[in-house]
Amino acid sequence: MSPPRALLLSVALFSLIAGLDASAGDADPVYRSCVENCESSGCVGDQCFQHCKFSSDGKPIDGPWYLQEPLYLRWKHWDCQSDCRYHCMLVREEERQKLGHKPVKYHGKWPFKRVYGFQEPVSVAFSALNLAMHFHGWLSFFVLLYYKLPLRPDKRTYYEYTSFWHVYGFLSMNSWFWSAVFHSRDVDFTEKLDYSSAVALLGFSLILAILRSFNVRDEAARVMVAAPLIAFVTTHILYLNFYKLDYGLNMKVCVVMGVAQLLLWAVWAGVTRHPSRWKLWVVVMGGAAAMLLEIYDFPPYQGFVDAHALWHATTIPLTYLWWSFIRDDADFRTSTILKKKK
C-alpha cells in the first residue's frame, strides 16, 4: 500500500462508520412504508420482482422446481428486501428531487444506480484499474530485477527488499480485487473480505515502511520487527471475522497503522539523499490532497460518481508513480552494493 492509500483508507473507514450510525433516507416514513408494502406485495408501483417469490435460499415459495432463481442472482444475494429497498430508494429520491431536496443516504450509503447488478459501478471500475496498475507495477519490478539488473552468482538479486515487495504486490492486488467485489455487492461476506485484505495490506505496509526507512538488513532484526506486527494483524483479522466486526476498533487500528507509515515515509523522504525521493514526496503530498475527497463527501453525480469513486481514481496515477519509486530504489540499492564490491 502506498503511503497516501494507507491514510486515505483510514479516512474512508471513518467516513463509512460515521454513516452507519444513522441515515436520513432509511428513517424517512415514506421510504419505510414503501419498503414494507413492497415486501408484502412484491411490487413497487407497476414494477414487481421475481425475488419476492423466493425464499432467502433461492427456493420458490410456491410453484414447480424449474422456477428456481438464476444462479448469478443467488450469488449476488439480491433478494426481495434488497430489490424493495433499492427501487423504493429510487422512487423516493425522484420525489425528493422534484421537491428540490438534495439526495440523502440510505442505510449508510448514497443512492447509487445499479449497472448490470453492480451497486457502485464506477468504484468497481476504478478498483479494477488500481488492481491492473499494481499488477503492471509488480510485473515491471520483476522484469527489472531478474532481466535488467545484475544478479548474484546464485541468481538471487542484490536488492535486499525484493521478497518484501513481491509480498506487497500480491497483498495490494488482493486488496483491490476484494475492493472491487465489495463495491459490486455489499454483503457480510464481501465486507469482511474487503476489510480483512485492507488490514493485512496496512499491516505489511507498515512493516515494509519500518524496514526500508531504517534500512534494516539483518535477518534477526527483521524478524523482531515483523513478528509482533504480524501477530497483532492476524489476531485483529480473526477478531473481525469470527468474533465481532467492530467498525470503531477497526477504524482506530487502521488509522494508527496508516498514519505511522505515512510519517515514516515522509520523514525518510526528508532526510535521505535518495535520487528518487521527489517521487516519494509527490506520492505523499498527492495522497494528502486526495484525502480531501474522503473528507468532503458528496452524493453521486447522476447516481454514479461520488467522492469515494473519485478517490479511487486519484490512486491510479499515484500507484504508477509509487511503483516507479520502488523500481528506482531497487536500481539505486543494486548500484550502491556493486560499487562497494569494486
Beyond-backbone contact of His134 with Thr319, side-chain heavy atoms, under 4.5 angstrom |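 Yes, side chains in contact.
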Would you mind reporting whether His183 and Ser127 have side-chain heavy atoms less than 4.5 Å apart?
-> yes
Please output the side-chain donor-acceptor pairs of residues 142-150 that fall under 3.5 Å, not counting sequence neighbours, one pair per line with the distance.
none

Within a reach of under 6.0 Å around [atom1] of [X], are more than 12 heavy atoms found that belong to other residues, nucleotides or ligands?
X: Gln97; atom1: CD; answer: no
X: Asp154; atom1: CG; answer: yes
X: His136; atom1: NE2; answer: no
X: Phe298; atom1: CZ; answer: yes
X: Tyr320; atom1: OH; answer: no

Go through the steps for Tyr106 and Glu93 under the test side-chain contact (heavy atoms from CB on, under 4.5 Å), then give the verdict.
-> CA-CA 10 Å; Tyr106 294 80; Glu93 280 302 304; 2.6 Å; yes
How far apart are the C-alpha atoms of Leu240 and Lys192, what are their side-chain angles, what is the distance that settles it, and do they pass the side-chain contact (heavy atoms from CB on, under 4.5 Å) test?
-> CA-CA 7 Å; Leu240 293 177; Lys192 287 183 176 179; over 6 Å; no
Check step by step if side-chain contact (heavy atoms from CB on, under 4.5 Å) holds for Arg32 and Asp26.
-> CA-CA 7 Å; Arg32 293 167 70 97; Asp26 47 83; 5.6 Å; no
Are Asp329 and His274 linked by a side-chain donor-acceptor pair shorter than 3.5 Å?
->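 Side chains of Asp329 and His274: pair found under 3.5 Å.
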If hydrophobic clusters are built from ILVMFWY residues whose side chains come within less than 4.5 Å, do [X] and [Y] share one?
X: Phe118; Y: Tyr301; result: no
X: Ile210; Y: Phe204; result: yes
X: Phe170; Y: Tyr195; result: yes

From the options Trp281, Trp265, Phe141, select the one residue that forms a ring pair (Phe, Tyr, Trp, His ring centres under 6.0 Å) with Trp322.
-> Trp265
Other ILVMFWY residues reachable from Phe112 by side-chain steps of under 4.5 Å | Trp110
Determine, stepwise, if the pair Thr190 / Val187 fulfils side-chain contact (heavy atoms from CB on, under 4.5 Å).
-> CA-CA 6 Å; Thr190 59; Val187 295; 3.5 Å; yes
Flag this pair as yes if the NZ/CZ of Arg222 is under 6.0 angstrom from the six-membered ring centre of Tyr161 and inside a 45 degree cone about the axis; otherwise no.
->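 Here Arg222 passes the 6.0 Å and 45° test against Tyr161.
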In plain terms, say whether Lys109 and Asp306 are close enough for a salt bridge, that is, a side-chain N and a carboxylate O under 4.0 Å apart.
->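 Looking at Asp306 together with Lys109, the answer is no, because their closest N to O distance does not fall below 4.0 Å.
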Kindly give the heavy-atom pair with the smallest separation between Leu206 and Gln261, and that separation in Å.
-> N-NE2, 3.7 Å
Without swapping roles, check the side chain of Ser140 against the backbone of Gly137 for a donor-acceptor pair under 3.5 Å.
-> yes
